[in-house]
Number of protein chains: 2
Amino acid sequence: MAALPSGKHDVFQAIADPTRREVLRLLVDREMPVTAITGHFAMTRTAVSKHLRILSEAGLVKERKVGRETRYRLEPQPLQELRGWLQYYERFWENKMSALQRLVEAEDGPEGE
Amino acid sequence: MAALPSGKHDVFQAIADPTRREVLRLLVDREMPVTAITGHFAMTRTAVSKHLRILSEAGLVKERKVGRETRYRLEPQPLQELRGWLQYYERFWENKMSALQRLVEAEDGPEGE
DNA sequence: AGTATAGGACACCATATGGTTTCGTGTCAA
DNA sequence: TTGACACGAAACCATATGGTGTCCTATACT
């Protein structure tokens with residue numbers, strides 16, 4: 001269930017930081033080396049590198065060495081855990097159900113968790 | 001767009017902590033006073049109270065005073081922001097698309113949001 | 001009235017987090 | 001081979017985070 005912990009940071013923690021969410025956006029359509037990523041932020045390369053490590057621990061990015069650069073790319077699969085978590089709550093806001101209605105749905109719901 | 005910031009903590013931060021995610025689960029089907037919530041955790045009432053404040057700042061719970069107790073209930077709407085964020089990435093893991101395919105999908109995508 | 005219960009406020013503490021600078025190493029270009 | 005570039009590692013720093021214990025007030029019980 002815990003989706004192979006490649007480090008001490010999980011997906012929930014990884015996406016908690018706005019900078020890291022921006023990094024993910026950057027990597028959506030292309031692979032990028034650290035310096036290029038850093039160009040998009042007002043912080044040092046080292047700081048960005050740390051964010052990349054956390055994302056990597058969460059499995060959200062993968063690195064590939066090409067010559068002297070390390071290119072990072074998005075690895076979206078771990079977001080499925082987040083999606084699964086969210087799905088549990090989705091039905092609750094859809095029709096602004098009451099607590100009682102939620103209770104019924106929760107027990108009666110079409111879950112396979 | 002930033003969904004009325006009722007405090008300094010946002011949804012992403014709020015759900016980053018496992019304890020807070022558990023609290024949300026507890027409140028799914030019923031309203032609960034602080035002490036009752038605390039009963040489910042190995043920490044003090046004060047600690048739980050702080051978590052509740054953070055959840056409250058993120059808009060994920062609402063409090064209601066009843067006599068001497070403060071009852072908390074789930075307020076799932078703010079999770080929609082998370083869902084919107086996630087949806088952007090959903091298409092990327094569905095069929096393990098390549099970066100190029102993702103690029104095309106991202107620009108050309110079948111959006112109706 | 002007097003006591004017990006619920007819970008917020010406050011002071012405090014250890015560790016995590018997000019950032020910096022400096023340094024070392026591997027790789028590319030002249 | 002000398003130098004510039006890409007990057008990680010390490011030491012350091014301020015603040016945030018997650019927890020504690022003590023105290024105070026409001027409400028309920030008898």
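In what follows, chains are A, B, ... by sequence order, proteins preceding strands, each numbered from 1. This structure is a prediction, so every number in the text was calculated from the model and none was measured.
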* Work out which heavy atom in B/Met43 is nearest to a heavy atom in B/Val48; give both atom names and the distance. => CG-CG2, 3.8 Å
* Structure fact -> In whole angstroms, the gap separating C1' of D/dG18 from CD of B/Glu22 amounts to 15 Å
* Pairs satisfying ring-ring contact (aromatic ring centres under 6.0 Å, His included), at least one member in residues 33-68 of chain B, at least two apart -> none
* Sugar-phosphate atoms are those with a prime plus P, OP1 and OP2; base atoms are the rest. Using that split, label each nucleotide of nucleotides 2-7 of chain C B, S or - for protein heavy atoms under 4.0 Å, 5' to 3'. => --BBSB
* Given atom CZ of A/Arg53 and atom P of C/dG18, what is their separation to the nearest angstrom? -> 14 Å
* Asked: Under 4.0 Å between a side-chain N or O of B/His51 and OP1 or OP2 of D/dT17?
  -> no
* Asked: Is it true that A/Glu75 and A/Arg73 have a side-chain N and a carboxylate O under 4.0 angstrom from each other?
  -> yes
* Structure fact -> Side-chain contact check for B/Thr46: nearest option of D/dT22, C/dG19, C/dT22 is D/dT22
* Asked: Got a donor-acceptor contact below 3.5 angstrom from the A/Arg21 side chain to the A/Ala16 backbone?
  -> yes
* Structure fact -> Here the distance between atom P of D/dT17 and atom CZ of A/Phe12, to the nearest Å, is 18 Å
* State which of C/dG18, D/dG19, C/dT17 makes the closest approach to the side chain of A/Lys50. => C/dG18
* Find the distance B/Gln13:CD to C/dA16:P and express it as a whole number of Å. => 18 Å
* **Main-chain N/O of B/Lys65 paired with B/Arg71 side-chain donor or acceptor, under 3.5 Å** => no
* **Spacing between A/Arg64 atom CZ and D/dA6 atom P, to the nearest angstrom** => 17 Å
* **Interatomic distance where CD belongs to B/Glu57 and P belongs to D/dA16 [whole Å]** => 13 Å
* Asked: Between the side chain of A/Arg20 and the main-chain N/O of A/Ala14, is any donor-acceptor distance below 3.5 Å?
  -> yes
* Under 4.0 Å between a side-chain N/O of B/His9 and OP1 or OP2 of D/dT17, yes or no? -> yes
* To do: Check every strand shown and say whether B/Glu63 touches a base, only sugar-phosphate, or nothing at a heavy-atom separation below 4.0 Å.
  => nothing
* 5' precedence on DNA chain C between A/Gly67 and A/Ile54 (nearest-nucleotide basis) -> A/Ile54
* To do: Rounded off to whole Å, could you give me the CG-to-C1' distance for the B/Asp10 and D/dA16 pair?
  => 14 Å
* **Cluster link B/Phe12 to A/Leu86, ILVMFWY, side chain under 4.5 Å** => yes
* **Between P of C/dT17 and CE of A/Met43, the distance in whole Å** => 16 Å
* To do: Ignoring the backbone of A/Thr44, work out which of D/dG19, C/dT20, C/dC10 is nearest its side chain.
  => C/dT20
